[in-house]
Amino acid sequence: MELHEKIRTVETDLKFLREQREEAMELREAIHKDAAYPLWKEQDEKVKKAEEDIMRKERDLQLLQSRLQGSLF
């Protein structure tokens, strides 16, 4: 796969992951922590996982962009 395609794929993945994180954050905020702790905890874990996935994808994107710049010179 060409670097440009890989970069587009990672950018698309990042957009999707950010949307998932936002949804999980909204649900987490809507759930009263004391009244529905298991549900709150589930959404909190989804937010944390999404944030980890986003950081991993952002690193992938930076590496791919660096490789692309390196191949241009």
Side-chain angles (χ1 to χ4, degrees):
M1 186 182 296
E2 186 182 321
L3 279 177
H4 290 288
E5 291 176 43
K6 287 182 181 180
I7 288 171
R8 279 192 297 275
T9 299
V10 171
E11 288 172 337
T12 301
D13 291 348
L14 269 171
K15 181 181 178 198
F16 176 73
L17 289 169
R18 287 180 178 134
E19 289 170 358
Q20 282 187 318
R21 177 185 61 187
E22 287 300 315
E23 288 174 14
M25 288 173 72
E26 288 173 9
L27 281 170
R28 181 181 66 181
E29 293 301 317
I31 298 168
H32 190 272
K33 188 175 180 179
D34 294 332
Y37 183 76
L39 288 173
W40 181 89
K41 183 69 175 166
E42 179 182 333
Q43 291 308 311
D44 188 55
E45 289 172 7
K46 285 182 180 181
V47 169
K48 288 177 183 174
K49 181 174 180 339
E51 288 171 346
E52 290 171 1
D53 291 345
I54 287 168
M55 287 185 344
R56 192 170 25 262
K57 285 291 181 179
E58 285 173 340
R59 282 193 305 264
D60 291 348
L61 180 59
Q62 288 174 348
L63 287 171
L64 288 169
Q65 288 173 333
S66 295
R67 285 178 47 196
L68 178 62
Q69 285 186 338
S71 69
L72 295 176
F73 295 106

| task | Could you tell me the separation between the CG atom of Leu14 and the CD atom of Glu19, rounded to the nearest 0.5 Å? | result | 11.0 Å
| Atom CH2 in Trp40, atom CD in Glu45: separation rounded to 0.5 Å? | 9.5 Å
| query | Cluster partners of Leu27, using ILVMFWY side-chain heavy atoms under 4.5 angstrom, listed by chain and number? | reply | none
| query | With hydrophobic residues grouped by side-chain heavy-atom distances under 4.5 Å, do Leu61 and Leu63 end up in a single group? | reply | no
| query | Ion pair present between Arg18 and Glu58, side-chain N to carboxylate O less than 4.0 angstrom? | reply | yes
| task | Kindly determine whether Arg8 and His4 satisfy side chain to side chain contact (heavy atoms under 4.5 Å, CB included), including the steps that lead there. | result | CA-CA 6 Å; Arg8 279 192 297 275; His4 290 288; 3.8 Å; yes
| field | Over all atoms of both residues, closest heavy-atom pair of Gln43 and Ala24 | value | OE1-CA, 3.5 Å
| said: What I'd like to find out is whether the side chain of Gln20 reaches to under 4.5 Å of the side chain of Lys46, using heavy atoms alone. | reply: no
| field | Test: Lys6 and Glu2 ion pair at under 4.0 Å | value | no
| Could you give the distance from CG (Leu3) to CD (Gln69), rounded to the nearest 0.5 Å? | 11.0 Å
| said: Between Asp44 and Lys48, does any NZ, NE, NH1 or NH2 come within less than 4.0 Å of an OD or OE carboxylate oxygen? | reply: yes
| task | Using a strict 4.0 Å threshold on nitrogen-to-oxygen distance, state whether Arg56 and Asp60 make a salt bridge. | result | no
| said: Who clusters with Met25? Use side-chain heavy atoms, under 4.5 angstrom, across I, L, V, M, F, W and Y, and order the result by chain and number. | reply: Val47
| Cluster link Leu64 to Leu68, ILVMFWY, side chain under 4.5 Å | yes
| request: For Val10 and Lys57, work out which heavy atoms get closest and say how close. | output: CG1-O, 3.4 Å
